[in-house]
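The model shown is predicted, which means the values in this text are computed figures rather than measured ones. The sequence lines fix the lettering, A, B, ..., with proteins before strands; numbering per chain opens at 1.
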Amino acid sequence: MKTYNEFKQVNYPKIGEDVLQYWKDNQIFEKSIANRDGAETFTFFEGPPSANGTPGIHHVMARTLKDIFCRYKTLQGYQVKRKGGWDTHGLPVELQVEKELGITKEDIGKKISVEEYNKKCKETVMRFKNEWDDLTEKIGYWVDLDDPYITFDSNYIETLWHLLKKFYDKGLLYKGYTIQPFSPAAGTGLSSHELNQPGTYKDVKDTSITAQFKLKDENNTYILAWTTTPWTLPSNSALAIGENLDYVKVKTFNPYTYEACQVILAKARMNAYLNPKAKDLKIEDYSAGDKLIPFEVIEEFKGKDMLGWEYEQLFPIEALALPHPAFTVVSGDYVTTEDGTGIVHLAKAFGADDFRTLVQNNVPGVFVKDEQGNEIPVVDRQGKFIPVVGEYLAAKMKEHGITAHKEYGVSDFYVKNYTEDDENAADYKNTDVIISIILKNENKAFKVEKYEHSYPHCWRTDKPVLYYPLESWFIKTTAYKDRLVELNKTINWKPEATGTGRFGNWLENLVDWNLSRSRFWGTPLPIWRTEDGSEEKCIGSIADLQTEIEKSVAKGFMEKSPYEGKELDLHRPYVDDVILVSEKGEKMFREPDLIDVWFDSGAMPYAQWHYPFENQDVFKANYPADYIAEGVDQTRGWFFTLHAIAVMLFDSVAFKNVIANGLVLDKNGNKMSKRLGNAVDPFKTLKEYGPDAVRWYMLSNANPWDNLKFNLDGVTEVQRRFFGTLQNTYNFFALYANLDEFVYEQSKAVAVSERAELDQWIISKLQSLIAEVEGAMDNYDATKATRAIMNFTVDQLSNWYVRLARKRFWRGEMNTDKQAAYETLYECLLSLTQLMSSFSPFYSDWMYQNLSKSAADGKESVHLTDWKMANNALINTDLEESMELAQTISSLVHSLRKKEKVKVRQPLQRILIPILKEKTKAQIEHLAELIKSEVNIKDIEFIDDASGILVKNVKPNLPVLGKKLGPKMRFVVAAINGWGQSEIAEIEREGKIAVEVDGETLELLLEEVLITSQDIPGWSVASDLGVTVALDVTISEELKQEGVARDLVNRIQNLRKDMGLEVQDKINISLEDSFDLVNASIENYGDYIQSETQALNLTLVKELDDSTNLEMDDFEIAVKVEKA
RNA sequence: GGGCCUGUAGCUCAGGUGGUUAGAGCGCUACACUGAUAAUGUAGAGGUCCGUGGUUCGAGUCCACGCAGGCCCA
């Protein structure tokens, strides 16, 4: 019976399927967790995917990355609970439903009830759960799929409410506004998605104004700022410059009033405002009305020099006056000199950039109070100026005698001009034009012109949109900015730059978290308000809600609870039916907003356990996460919301280690998309290549945080080069182990110290590998780990150890040396299965079981084993260095043989190795036998200084010399390069030497140069890595005979194979007596030939019948081989 | 427009703190081996280290400015 299964061919996909079935049948995953009951926990958080689309190949990457560290830590003895999860709310789901139903947001509540709509969303969102689960299993991502958290679940939402209430109680949840695209014609805000509809951006001609903002402390000096929305000028409260841009102050004249003035603008924009043809004209020669206006630069400065400059309000409307630091110059990182004046006018209410910049600089915006005392902008929701501004403009029209198609009342100043009747009137003037005329007349406009640009329009009304402040609920993240930054520094980011750069910068420029979404399918905001907004209540649990409902029913605001006799569903529309009662006895209605879905996922550490309502212990043992991984695109999404909630509510990080992985692109580096047809189907790929090779390829090919150019050829290569080589190595072991009936038994194994050098070496290498893999994995660097394993397997174990040790396996009966060889190879293979198991969980388990099913301590699965740490006592650095020397020397001899055209089978007498260090000599001698047999030579001779034939080379030791010499380096280097043998001898003898440089004498020390030996006169030499080898190519008669003997062995072995003999079959050989050389060879090496070919007899005969002709290098010889 | 990442051989990637002639695998070419054989070994060809400036005795490596591709945000 065979102990170790032998495989002619391996079917990797089938191994994946079989092992998956085995895991299921034997509950290996469950056992891997139950096994570690009571052990220290290692916590992983699953970033929930959305199952409303099918998974792609990039999910294989993401899920593999998540899986490997959990498996690794499990082996190391930690208990790693892994709860799966689903992200179920949000816009993509809504859009998909709308597309399928052929409706728009407009239709919700009309053509379809909110109830039906949300029901449809709920069905849609889990549509592809089965595909996801299937993929998850097939790629071997171990995660609990039976009990996942689902963000639409009532328990989940209850935790969200609990957290929101905590924010609320801390005073961190507030109602403010944010600048959003708004359609005054439709009276509604527009989502960025709506703005991205085709056709929304149209080319329009608007009146643009370059306005003059008068500096406070200087006469006739103005800052110029350009705008395509003149109606925002009354709301101006600051000007932004680029700190590093160059600005000029220019003496010139206003082109409309001809008044002398000094204007400030970006140097790079002068040509746009000041006619270059006028550059030679003199200021004094100008008279009002001249076409060419002279100008003269009188000062130049940087933008940062302008910071804090004060100017006078452009429209001095009393009700709009503001305190300092309004009307000052601030810095804006987005300011350019591509258009305008290089100075940007800021109106807080009407631009998102403006808003952000002003908030960051603590500059107030232009607002007025309404009856409730709320701040409102000077443009109302119909898109017209409120009377405060209207009055001013109407008065100015009169003052300046501006007439239009009609007389303007205080409420007629629409800023975006959508009353078509007016627009078509003959003498029509829009608000922008009126503002232009006023400013021109008042010496406040430097340039007015029509400007054609692309401007967004409402897709429904076709009217231009405004950027307008809309009410929103916010979390005051800015209050915790410092703590967020501080705690972020304790997180281990892979790659580091994502943590310090992308995420760190984001935290530095933090704005408050806008929680509000005006949608239907999502977590409702648990805040109820009275109609006048004077009282509000935040609900933190279902129990709270029930209590409040009861109060309200008692008060008579509701007949009965909307939930009476129904399943409790916190979603809209049910929750909207809840009317509560305020402290003062007023009716309270829920704020209709839903919350940002990122809050859903960022709260998963708590909500997945329904904390604090349940599972407090589980939560505490699994918080914060030791490790998470997600795409780098989540930096401002999930990574941020996890961090924000954890820091603000728990003063903790949410995760200690994080990998932000890159994208999976197609093999040409293009983004994969279903539309372009270059998307790789994960299921097909897994079916064809099996999960292990795909995982291994993804991890080893590039760092996970770099983008991966996914190429199936790469998967094939990994399969062939790595898995194929490993499989060959295993097959080799199994074949001979079974023949010898070898069975590994740890207790009876030969002590490592008693094994052959080669065994000790590979064991040492193996321990070094384990240490390297541990180091890499502890640092969350899977690429390094996989590459190290690959290198060991292919280069060290297969191409060196097995090749050199081959004969020990097939020759003779079982003895200690042979047993040691088996044990060594077995131990390497078994260790490899564990090292590999995190990355290629199926194949490694399969091989583990093949190797260990006969072992006394064999486990059901490699994934249930305990990590075998590196044994430092078995690491022999000296031996590893020796072997490296041996490998280098062998390689050099091979290349010399090739150069001299002497094949390896022809024995040669000796090689010469020049030796400058005793240690090197000892290290080579240590493995002399091995080198000799590997390259088929009889002797290694060393030549040292005493021989007197060494030719040495000298090189400067640059890092050492550089520090000492600095700029004189190149002279000294030139001097050293010109040295001959006598100088080298001198510095070696004296330990120092004098060098003349530039008339100066310097002393060089022995350690400042590197001496090597590269030449032996009259010999064919080769060198590499500081080792030089010379080969003696003289072939004596004796060597020739031995060469023939080896050739004969080789030819007879081929014959054996052709005859189909088994390895252990014995033979008889008859050779034709025809060549003296052959006869002599048989005379002297007959025993060798017989033992190698397992021949009982080797006879020379005069004539052979039924013989075969053997083709030797220079002749042919007849031979007859018979099975004995 | 801003932040961040990437750019090294035909392809995929390595290249601590700057150091003489920039490496590996695959692919290609030639040869060898033939008891791991649908394997394996050896050698060879193949480079403007994205560009331009700068710092330095010395730059793939450090700095500045660009170019190309990507991600996120406006």
Using atom types as modelled, flag every donor-acceptor pair under 3.5 Å from a side chain in residues 792-800 of chain A to any protein atom, sequence neighbours excluded.
from, atom 1, to, atom 2, distance (Å)
A/T793, OG1, A/I789, O, 2.7
A/D795, OD2, A/N791, ND2, 3.2
A/N799, ND2, A/V794, O, 3.3

Could you go through A/K903 and A/D1047, starting from their C-alpha distance and side-chain angles, then the distance that decides it, and tell me whether this counts as salt bridge (charged side-chain N to carboxylate O under 4.0 Å, His left out)? CA-CA 11 Å; A/K903 61 187 183 182; A/D1047 267 345; 3.4 Å; yes
Taking only side-chain N and O atoms of A/R787, does any of them lie within less than 4.0 angstrom of OP1 or OP2 on B/C13? no
For RNA chain B, determine which residues of residues 696-707 of chain A have any heavy atom closer than 4.0 angstrom to one of its atoms, and list them numerically. A/N701, A/A702, A/N703, A/D706, A/N707
Complementary nucleotide for B/A9 - Watson-Crick or wobble, under 3.5 Å: none
Go ahead and name the base partner of B/G16; Watson-Crick or wobble counts if both distances stay under 3.5 Å, otherwise write none. none
What does the list of N/O pairs under 3.5 Å between the protein and nucleotides 7-9 of chain B look like, with a distance for each?
none

With a 4.0 Å cut-off on heavy atoms, is A/N728 in touch with a base, just the backbone sugar-phosphate, or nothing at all? base
Going by the side chain to side chain donor-acceptor pair (under 3.5 Å) test, which pairs reach into residues 712-727 of chain A, not counting sequence neighbours? A/Q727-A/N731, A/Q727-A/Y843
What pairs with A/D633 under salt bridge (charged side-chain N to carboxylate O under 4.0 Å, His left out), at least two apart in sequence or on another chain? none
Is A/D666 paired with A/K709 through a side-chain N to carboxylate O contact shorter than 4.0 Å? no
Assert: residue with more 5' nearest nucleotide on RNA chain B, out of A/P495 and A/L735, is A/P495
The salt bridge (charged side-chain N to carboxylate O under 4.0 Å, His left out) partners of A/E1008 (sequence neighbours excluded) come to A/K964
Side chains of A/W696 and A/N701: is there a donor and an acceptor less than 3.5 Å apart? no
So, is A/K709 close to the B/U12 phosphate, meaning a side-chain N or O under 4.0 Å from OP1 or OP2? yes
Please state whether the phosphate of B/U40, meaning OP1 or OP2, lies under 4.0 angstrom from any side-chain nitrogen or oxygen of A/R803. no
In terms of ring plane angle, is the pair A/F639 and A/W493 parallel, tilted or perpendicular, where the classes change at 30° and 60°? perpendicular
